[in-house]
Peer 1: 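Quick one: the structure is below, questions incoming.
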Amino acid sequence: MHNILSLCDLSSDDAVLEIKTNNIDIENYKEQLYYESRGRRCFHMGLRWCRNDETFSIESLVFIISEVFVKDSGITIGEWKSNKRELNRIANQLKLQKFLGGKPIRILDYTNTITDIYVECLECGRQWNTTYQRIMSGSIKCEKCDPKIVKPRKSRASGLTEEQKLQERFSKYKEKLYARSNGTITVDSYTGAKDNLNAKCNVCGYQWSPRADHLIDRVKCPCCNKRTKK
């Protein structure tokens, strides 16, 4: 025997003898004993005792050994092992369902810990596959009832021609330049951040051709800047 539900296994090559620790009906274990005894005679040892409620001591102790007669159940060892695996699968599924606690999620199909588990949301009825690890980590949730917060993507200029896209960038550049120069510097064109453009100072009328990115970083009129330093 394999010490299943046994305190002690005293089995030998000739007979099977187990000491059980709980009150069981041996009829429920006859098929197990039939296949694990391998032709040996089967015995079951039980204990009966009488306790003194005042002293909490055991006054009498009786050992009862009885032979268990098992007959051919009509199923093969392979079928018995298959039934045993199915019972273990159901027991593991119930344990996993209990682990979910108060979450409104029901396990519909469970095979093992490495196979996807089919679950259902009890609130909206959505069904999906998840993993054993996700359930055990506590991160499982219905994405329909509790959707992830997705940051909206910045709108892209779609369906515009290259000329229209360039015009849009030019408008944004002019707005930024106006804000940084307080309207004292303006440009009449824009082809790219690394390209030169025509700039004009609205204070002294000076014109020059700086790079677009250099101008936006140092928003100063060269002529007015020289006068300020003098």
Peer 1: Would one find more than 12 heavy atoms of other residues, nucleotides or ligands at under 6.0 Å from atom NZ of Lys103?
Peer 2: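 More than 12 heavy atoms, drawn from other residues, nucleotides or ligands, come within 6.0 Å of this atom.
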Peer 1: Is there a chain of hydrophobic side chains (I, L, V, M, F, W, Y, each step under 4.5 Å between heavy atoms) that links Ile135 to Tyr118?
Peer 2: no
Peer 1: Are the side chain of Arg106 and the backbone of Leu122 linked by a donor-acceptor contact shorter than 3.5 Å?
Peer 2: no
Peer 1: Quick one, Leu166 with Tyr190, criterion side chain to side chain contact (heavy atoms under 4.5 Å, CB included). Give me CA distance, side-chain angles, the key distance, then yes/no.
Peer 2: CA-CA 8 Å; Leu166 181 59; Tyr190 177 89; 4.2 Å; yes
Peer 1: Is Asn196 reaching over with its side chain to a backbone N or O of Ser209, donor-acceptor style, under 3.5 angstrom?
Peer 2: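 Present.
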Peer 1: State, with a plain yes or no, whether a side-chain heavy atom of Phe99 is found less than 4.5 Å away from one of Ile107.
Peer 2: no
Peer 1: At their closest point, which heavy atom of Pro104 faces which heavy atom of Glu123, and how far apart are they?
Peer 2: CG-OE2, 3.6 Å
Peer 1: Taking the side chain as every heavy atom from C-beta outward, state whether Pro222 and Tyr206 have any atom pair closer than 4.5 Å.
Peer 2: yes
Peer 1: Would you check if Cys204 and Arg227 make a side-chain contact, meaning some heavy-atom pair closer than 4.5 Å?
Peer 2: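 Side chain of Cys204 against side chain of Arg227, heavy atoms only: contact under 4.5 Å found.
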Peer 1: Look only at the side chain of Gln97 and the backbone of Ile105, and say whether a donor-acceptor pair between them is shorter than 3.5 Å.
Peer 2: yes
Peer 1: Does NZ or CZ of Lys174 come closer than 6.0 Å to the centre of the six-membered ring of Phe170, within 45° of the ring's axis?
Peer 2: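 Yes, a cation-pi geometry holds between Lys174 and Phe170.
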Peer 1: Within this structure, what is the CD-CD distance for the pair Glu120 and Gln127, rounded to the nearest 0.5 Å?
Peer 2: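 Between atom CD of Glu120 and atom CD of Gln127 there are 4.5 Å.
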Peer 1: Under 3.5 Å, side chain of Thr115 to main-chain N/O of Asn112, donor-acceptor pair present?
Peer 2: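 No; judged by distance alone, with no hydrogens or angles, the pair does not exist.
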Peer 1: Which atom names give the shortest non-hydrogen contact between Asp146 and Lys141, and what distance separates them?
Peer 2: OD2-CD, 3.3 Å
Peer 1: Just how far is it from atom NZ of Lys220 to atom NZ of Lys226, taken to the nearest 0.5 Å?
Peer 2: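 Reported value, rounded in 0.5 Å steps: 13.5 Å.
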Peer 1: Just checking Arg134: does its CZ atom have more than 12 heavy atoms from other residues, nucleotides or ligands closer to it than 6.0 angstrom?
Peer 2: no
Peer 1: Identify whether Trp128 and Tyr132 are in the same connected component of the hydrophobic contact network (ILVMFWY, side-chain heavy atoms under 4.5 Å).
Peer 2: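 Yes, because Trp128 and Tyr132 connect within a single hydrophobic cluster, where side-chain heavy atoms sit under 4.5 Å apart.
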Peer 1: Could you tell me whether Gln164 atom CD has more than 12 heavy atoms of other residues or ligands within 6.0 Å of it?
Peer 2: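 Atom CD in Gln164 is packed in, count exceeds 12.
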Peer 1: Could you go through the side chain to side chain contact (heavy atoms under 4.5 Å, CB included) check for Leu177 and Val219 one step at a time?
Peer 2: CA-CA 8 Å; Leu177 182 62; Val219 189; 3.9 Å; yes
Peer 1: Any chance you could measure Ser181, atom OG, to Lys176, atom NZ, to the nearest 0.5 Å?
Peer 2: 13.0 Å
Peer 1: Roughly how far, to the nearest 0.5 Å, is CZ of Arg180 from CG of Asp217?
Peer 2: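 The CZ atom of Arg180 is 6.5 Å from CG of Asp217, to the nearest 0.5 Å.
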Peer 1: With a 4.5 Å cut-off on side-chain heavy atoms, are Cys201 and Cys223 touching?
Peer 2: no
Peer 1: For Lys144 and Cys121, indicate whether the former's side chain and the latter's backbone hold a donor-acceptor pair under 3.5 Å.
Peer 2: no
Peer 1: Ile140 and side chain to side chain contact (heavy atoms under 4.5 Å, CB included): which partner among Thr130, Thr131, Ile117?
Peer 2: Thr130
Peer 1: Do you reckon Tyr178 sits in the same ILVMFWY cluster as Leu197, going by side-chain contacts under 4.5 Å, direct or chained?
Peer 2: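 As far as the 4.5 Å side-chain criterion goes, Leu197 and Tyr178 are not connected within one cluster.
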Peer 1: Hey, does the side chain of Arg89 reach the backbone of Tyr110 with a donor-acceptor pair shorter than 3.5 angstrom?
Peer 2: yes
Peer 1: Output the distance between atom CD1 (Ile90) and atom NZ (Lys95), rounded to the nearest 0.5 Å.
Peer 2: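 So the CD1 of Ile90 and the NZ of Lys95 are separated by 13.0 Å.
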Peer 1: Answer with yes or no whether the hydrophobic clustering places Leu96 together with Val119; edges join I, L, V, M, F, W, Y residues whose side-chain heavy atoms lie under 4.5 Å apart.
Peer 2: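 In one cluster: yes.
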